[in-house]
Amino acid sequence: MLTKIFSLQQEPKSTLESILRSSLTLKQTVKEQGWSAVAINKPHIVYQIFFEPSTRTRVSFETAAHRLGVQHSYFQMDEFTSISKGEGILDSLNVFKANLPDLIIIRSGVHADVEKFFETCDIPLICAGYGQLYHPTQAFLDLMTIMEYQNTLSVAGLKLLFVGDIKNSRVAHSHSIMSEKLGYELAQCAEEQHLSSEPHWKKFTQLDEAMNWADVVIRLRTQKERGSADVSKDFRITQALLEKHDIPLMHPGPFLRGEDFEDSLAEHRNSLIWKQKENGQYVRAFLMKALLNKEKI
Ligand code: CP
C-alpha cells in the first residue's frame with residue numbers, strides 16, 4: 001500500500017501508471033457526475049505545511065480537499081511559527097504529527113530533517129515540492145495533461161523537451177525519475193550552466209533543432225531563488241517557432257511572460273498551460289483520496 005509520495009525512486013512502473021490513469025478517471029467522473037461522486041465525506045483532517053512559497057500547488061490541494069469533503073488546514077512556516085524561536089524543523093514537524101492529522105502535505109527546501117520525517121512518519125505524506133529535487137505531483141499532472149491531449153493511456157515513447165533552467169528544476173528532476181520507469185524520452189535545451197548532468201537526457205543547444213525533435217515542449221523559468229543566472233533570450237519560445245513545429249507548449253509555472261515565452265503564448269491554441277493548472281486538482285484529489293482511504297494503487 002502506497003503511504004508516501006516523495007521521490008518515487010522506489011515505486012514500480014505499475015504504480016505510476018495507475019496514478020495517471022486513475023487521475024484521468026477521477027476527472028472524467030467529476031465531469032460527468034460532479035464532485036459528490038468522488039467525495040470521501042469522512043472526518044479526515046489534512047495539513048499543508050509549506051516552508052516555501054506557492055500559488056498553484058497550494059490552491060489545487062486546498063480546492064481538491066474541500067471538494068472531497070475533507071477538513072483542510074494550511075500552515076505557512078514563517079516568522080509566526082516557533083521555527084523563528086529556534087525550534088528544529090524535525091521537532092516542528094513532529095508537533096504537527098502529534099496532533100494526529102490523517103494526511104500531511106509538505107513543501108520545503110532540501111533538508112535532512114524533512115527527509116527524516118518522510119522516512120519515519122507513520123502518517124501518510126505527500127511531497128508538494130522538495131528543493132531542486134522532487135515535485136512528483138507536478139510531474140504527474142504534466143503527464144496526465146499530455147495523455148489527455150493525446151487521448152492515450154500511456155506516455156511510452158513520448159519525446160518531452162525541457163527548455164530553460166533544467167539544472168535547478170525539481171519538476172525536471174521528478175520527470176527524470178519517472179521517465180526511466182514509464183519509458184518516455186527527455187531532452188534539454190539551454191546554455192551548459194542550466195543543463196542537467198544526468199546521462200539519459202538528450203542535449204540540444206539550438207531551440208529550433210530541439211523543438212523539431214520534440215512531441216511536447218515544457219519551458220522552465222530561471223530559478224533565481226536558487227542563485228541561477230538568467231537563461232539567455234535565445235531560449236525564449238516565440239510564436240513563430242511554436243507555429244513552425246506545431247507542438248503543445250507547457251509550463252509548470254509560475255511563468256514569466258515575455259521572458260520564458262512571447263507575451264501571449266499562454267493563450268495560444270498550442271498552449272496546454274491553463275489545462276495543467278486545471279488538472280492539478282484532479283491528480284492531487286486522486287492522491288489524497290487514495291492515501292486517506294488506504295487504497296491499493
Ligand atoms: N508549479 C508550481 O509548483 O507552482 P507553485 O510554486 O505556484 O505552487
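Just so we're clear, the structure is a prediction, and the values are computed from it rather than from any experiment. Start at 1 and go down the list; that is how both ligands and their atoms are numbered.
Polar contact with ligand 1: present for G253 (N/O pair, distance under 3.5 Å).
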Practice item. For the pair F140 and L16, evaluate side chain to side chain contact (heavy atoms under 4.5 Å, CB included) and give the outcome as yes or no after the intermediate values. Key: CA-CA 8 Å; F140 280 127; L16 306 188; 3.8 Å; yes
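Within the 4.0 Å heavy-atom criterion, neither part of K277 lies near ligand 1.
Considering only non-hydrogen protein atoms, atom 6 (O) of ligand 1 sits nearest to R107 NH1, 2.9 Å. Counting protein heavy atoms only, atom 1 (N) of ligand 1 is closest to P252 O, 2.9 Å. Atom 4 (O) of ligand 1 has as its closest protein heavy atom R56 NE, 3.0 Å.
Contact annotation: G129 has no heavy atom less than 4.0 Å from any atom of ligand 1. Using a 4.0 angstrom heavy-atom cutoff, E52 does not count as in contact with ligand 1.
Under the 4.5 Å side-chain heavy-atom criterion for ILVMFWY residues, no single connected hydrophobic cluster contains both V171 and V217. Taking hydrophobic clusters as Ile, Leu, Val, Met, Phe, Trp and Tyr residues chained together by side-chain heavy-atom distances below 4.5 Å, L153 shares a cluster with L182. Hydrophobic clustering (side-chain heavy atoms under 4.5 Å, transitive across Ile, Leu, Val, Met, Phe, Trp, Tyr) keeps L249 apart from I146.
Distances from atom 7 (O) of ligand 1 to the heavy atoms of L141, T55, T57 show the closest one on T55.
Each of the atoms 2 (C), 3 (O) of ligand 1 lies under 4.0 Å from some heavy atom of H135.
Under the 30°/60° scheme for interplanar angles, the aromatic rings of Y134 and Y130 are found to lie parallel.
For F261 and H268, the gap between ring centers reaches or exceeds 6.0 Å.
Inspection of the T145 and Q276 side chains reveals no N or O donor paired with an N or O acceptor under 3.5 Å.
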